[in-house]
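What follows is one structure encoded as structure tokens, with my remarks underneath.
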Amino acid sequence: MNDLTARWNERLERWSDRLNPLVVREVRQALKTRTFLLVFLLLLLLTWVGSSIGVIATSQQAHAVELGPQFFAWYLIALLICLLFATPAGAFFSMSHEFRDRAFEVLAISTLSPRKIINGKLNGAFVMTLVYASVLSPYLCLSYLLGGISLAMLALTMAWLLLASYTMTLFAIMLGSLATKPWIEVVNLVILLAASTITSAISYGVLGELGFRGGGVVEMAFALGCFLVFILFAALISYGVAQSQLTPTFIPLTYRRQVVARKVEPSPSNGAAALPAGPEVPAESRGPHE
Amino acid sequence: MSDTLNDPQAPIFEDEPSAEGSPEAVPRIERELLGEPTLEVRNLHRFFGKLKAVNNVSFKAYAGQVMGFIGPNGAGKTTTMRILSTLETPTAGDAFICGQSVIDYPDRVRHRLGFMPDAFGKYPNMNVVEYLDFFARAYGFKGDKRRDAVEHVLVFTELRKLADKPIDTLSKGMSQRLGLGRTLIHDPQVLILDEPAAGLDPRARVELRELIHLLATELQKTVLISSHILTELGEICDSAVIIEAGQIVASGTIKELLSLRRQVAGRQSHATIEVSLIDRVVDVERWLVQQAFVSDVATSPHAVTFEFSGDQQAQHQLLKSMIAEGFPILEFRGKVESLEDAFMELTKGITQ
């Protein structure tokens, strides 16, 4: 058994080399947090107890009425809490923590680019999203088996939720990257909670209206398309803001050329010998770098 | 140009003048003795509005050299270090790490440089080995190379026994070791350490000092280190740069700085002598001011301190005369001049 575990760990280690370093770090950290354990166990317990009670209470009418949509409505609430509140909040705290005690500086001077940092945080959070979704997958199957909800509808609903979760996480990363001071962190957390609430309400309303109260797959696909356009727009803005926030030095190419021109300026060679500072650089050659 | 970007050994600039023809060429004798500078700051300026945080700073450091970067708070030390670490852009001037410009090739510089800020955040829910493993991955190490890099750092910093300890529970001394280990994970040629000994207990300070000494002597790293504990810097560093109000006040080897200090103070003496006495301090003072080579006589309740510009023979003669005079001498010793003395003499206490 020990050999098997060691071999499995070895294989995982090798496989993890292909991943973004931040994904590995984020997942390692997240799996050790009490918040994750608490949310995971609560989700497991509530869906199990809720489903058991639901099945017992509706057992008399199960053969006459299609109960799938009713069950799925409850699972949807659980999914919304995990995917649109827990995951983005985790990503927000993970990002804002980078700015405490100058932690980000040591990350910024590594070979990780701002894009890799954002992607790492985003994908790390997405792994957690998949973990939460996997907990609920048996119950989603149950709601399908109870009838009244098609596989296509289930797939479109899940696609909607995953997209919403991905964008909310990106929005949370952007807010986290702007939280350079404690008071900004608090304000941004409030903004994030408000955005999560609004997105959850819209998602529940649209999915409930179209999916469970008579809407068809075509209407659902149309709604998903509209949502996709909005999501893409929001995601691009969030990504751009976060990336510029994480770039330590931004030097336009034109200024690089100016620097090249300045290379021929004479400089005092006062390295090893004791002497005062070199002469003042002429004002005209002191062009700004930025 | 694209080839140049991919080749770290390629010339930095296509139109770069040859070293021999360049006005900033290093004298041949200096180059033969020390090699090319691994760290070079050239006419560096950094202004924040009207504040001249760094104002025309230039210095060089070579492989195996530990250089102190000394200055009062707000002198521009951290700003210079941040520019060298590619965290900030200069207003004018440039800096080079192993010949690579921090402005033009920050990515190349990051491969060759390790920066340890005075405070660095500790990630929660992470142990020592996971922390180092993360940074090894961040610097692009994979598989066995990554494991070897982590293992090497754990052994060098003696953190092996704490490998599984959560990093947010480490003591200050151990955290600094971990920070140094993180700085070394990609085996950089140049290390920039900003106040590494701040807040450490005496034992941790001595241990850190030994690690830095090893880095320079055995691994031939260039270390630029800033600290407020000047007595300690004097023991670690072989050279120093003193900066005040954004400008370099003096730079050179410790010996050269002490000599410069004496020049600034207008003294030609070679020794500060302290004589401890049982009593008769005033008599000794009166007697001393009449002697040759003696100047700047100062007294304390049981000691007399003075500057002596004579040679060793003259010093011996002076002691003999003092004993012959019957002064109750307990101790007669040359006071060792420290970097602190040089710093106090050379800086004016200007803050911006």
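Below, read A as the first sequence line, B as the second, and so on, with proteins coming before strands; counting in each chain starts at 1.
Contact tally against chain B (heavy-atom pairs below 4.5 Å) for A/K116, A/R28, A/R18: the top residue is A/R28. With chain A as the partner, the residue from B/L113, B/D118, B/D144, B/T183 showing the most heavy-atom pairs under 4.5 Å is B/D118. Annotation: maximal heavy-atom pairing with chain A below 4.5 Å, among B/E130, B/M126, B/R82, B/R147, occurs at B/E130.
A/N188 and A/S96 share no side-chain donor-acceptor pair at under 3.5 Å. Between the side chains of A/S16 and B/R137, at least one donor N or O sits under 3.5 Å from an acceptor N or O. Residues A/N119 and A/Y239 bring a donor and an acceptor atom of their side chains to less than 3.5 Å of each other. Neither side chain, B/E88 nor B/T79, offers a donor N or O lying under 3.5 Å from an acceptor on the other.
Electrostatic pairing of B/D107 and B/R110 counts as a salt bridge here, judged by a charged N lying under 4.0 Å from a carboxylate O. Of the charged side-chain nitrogens involved, none lies within less than 4.0 Å of a carboxylate oxygen, so that A/E185 and A/K181 do not count as a salt-bridged pair. A salt bridge is absent between B/K122 and A/E98; no separation between the charged side-chain nitrogens and carboxylate oxygens falls under 4.0 Å.
Applying the side chain to side chain contact (heavy atoms under 4.5 Å, CB included) criterion to B/K142, with sequence neighbours excluded, gives A/D17.
Neither the backbone nor the side chain of A/E26 comes within contact range of chain B; no heavy atoms are under 4.5 Å apart. With a threshold of 4.5 angstrom between heavy atoms, B/Y123 approaches chain A through its backbone and through its side chain. Residue B/H111 touches chain A through its side chain alone, counting heavy-atom pairs closer than 4.5 Å. Proximity to chain B is limited to the side chain of A/V24, based on heavy atoms less than 4.5 angstrom apart. With a 4.5 Å cut-off on non-hydrogen atoms, B/D133 touches chain A through its side chain but not through its backbone. With a 4.5 Å cut-off on non-hydrogen atoms, A/L19 does not touch chain B at all.
Checked by atom type and distance alone, the side chain of B/S85 never pairs as donor or acceptor with a backbone atom of B/L87 at under 3.5 Å.
Using non-hydrogen atoms only and a strict 4.5 Å limit, the part of residues 31-39 of chain A facing chain B consists of A/K32, A/T33.
The local environment of NZ in B/K172 is crowded, with over 12 non-hydrogen atoms from other residues, nucleotides or ligands closer than 6.0 Å.
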